[in-house]
Amino acid sequence: MQQDCIFCKIAAKEIPVQPLYEDEHLLAFLDINPAAPVHVLVIPKKHIANLLDLDKQDQSLMGHMLTAISQIAKQMGLADDGFRVVINTKENGGQTVHHLHCHILGGRSMTWPPG
Ligand code: 5GP
Ligand code: ZN
């Protein structure tokens, strides 16, 4: 747990959260400022700042995360029309919370390239 990390506090339930999915390693919850009709955040419970901080031992965690995302997307009703998964990384990626997280965005058509 990293001091002053809002997602560590959410993972530790120091900040109340309504989990959409939870297991030993992951927590998924709604984004507080949704960018789409369905906007879910999926975080590892352990603090990893961003994709650049992954090491070999995190391989199974990240595979597990994608598998969970598939399940959550179905659970949220996104399987028929599709959805987008985003991992913003550092300044140019638009990362504002420095605890690794996947955005699941759905419920509307997305544009490409992203802004
Ligand atoms: P980033 O810009 O780092 O990729 O995404 C961070 C996301 O976390 C943003 O979409 C923002 O709305 C969301 N967020 C920030 N603080 C909180 C919070 O306290 N609760 C929830 N549910 N979402 C948050
Ligand atoms: Zn953290």
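Atoms within a ligand are numbered from 1 in the order they appear, just like the ligands themselves.
Across the listed options N50, D31, I32, I32 owns the non-hydrogen atom lying nearest to atom 17 (C) of ligand 1. The heavy atom nearest to atom 2 (O) of ligand 1, out of those in I87, V86, I15, T96, is found in T96.
Here E22 pairs with K13, K45 under the salt bridge (charged side-chain N to carboxylate O under 4.0 Å, His left out) rule; sequence neighbours left out.
Ligand 1 places these atoms under 4.0 Å from at least one heavy atom of N33: 12 (O). Heavy-atom proximity to F7, at under 4.0 Å, picks out these atoms of ligand 1: 8 (O). Close approach of ligand 1 to I6 (heavy-atom distance below 4.0 Å) involves ligand atoms 19 (O). Taking every non-hydrogen atom of H103 and a distance limit under 4.0 Å, the qualifying atoms of ligand 1 come out as 1 (P), 4 (O), 5 (O), 7 (C), 10 (O). Within the listing of ligand 1, atoms 1 (P), 2 (O) sit less than 4.0 angstrom from a heavy atom of G94. Of all atoms in ligand 1, numbered sequentially from 1 with element shown, those under 4.0 Å from a heavy atom of F29 are 21 (C), 22 (N).
Polar contact with ligand 1: absent for L41 (N/O pair, distance under 3.5 Å). Backbone and side-chain nitrogen or oxygen atoms of V97 are examined, and one is located within less than 3.5 angstrom of a nitrogen or oxygen of ligand 1. Between Q95 and ligand 1, no N or O atom pair is found at a separation short of 3.5 Å. Polar contact check, H39 against ligand 1: no nitrogen or oxygen pair lies under 3.5 Å apart. Between L30 and ligand 1, an N or O atom pair is found at a separation short of 3.5 Å. Close N/O approach between I10 and ligand 1 is not found [any backbone or side-chain N/O within under 3.5 Å].
For atom 5 (O) of ligand 1, the closest heavy atom belonging to the protein is H101 NE2, 3.0 Å.
In this structure, the side chain of R84 does not engage the main chain of H103 through any donor-acceptor pair within 3.5 Å. A donor-acceptor pair is defined here as one N or O able to donate and one able to accept, closer than 3.5 Å; such a pair exists between the side chain of T67 and the backbone of G63. With D58 contributing its side chain and D55 its backbone, the two residues share a donor-acceptor pair below 3.5 Å. Under the 3.5 Å distance criterion, the side-chain polar atoms of Q75 are matched with a main-chain donor or acceptor of L20. Remark: the backbone N or O of A49 is paired with a side-chain donor or acceptor of Q95 at under 3.5 angstrom. A donor-acceptor distance shorter than 3.5 angstrom exists from the side chain of D23 to the backbone of L26, with no hydrogens or angles considered.
Geometry note: the Zn ion (ligand 2) is the vertex, H47 ND1 and H99 ND1 are the arms, and the angle is 110° (rounded to 10 degrees). Around the Zn ion (ligand 2), the angle linking C5 (SG) with C8 (SG) is 110°, rounded to 10 degrees.
Under the 4.5 Å side-chain criterion, counting only non-hydrogen atoms from C-beta, L41 is not in contact with V97.
Distances from the Zn ion (ligand 2) show that H98 has no N/O/S atom below 2.8 Å.
Note on L100 and I6: separate hydrophobic clusters, where clusters join Ile, Leu, Val, Met, Phe, Trp and Tyr whose side-chain heavy atoms are under 4.5 Å apart, directly or indirectly.
Residues H101 and H99 keep their aromatic ring centres 6.0 Å or farther apart.
Within a 6.0 Å sphere centred on CG of D81, heavy atoms belonging to other residues, nucleotides or ligands number 12 at most.
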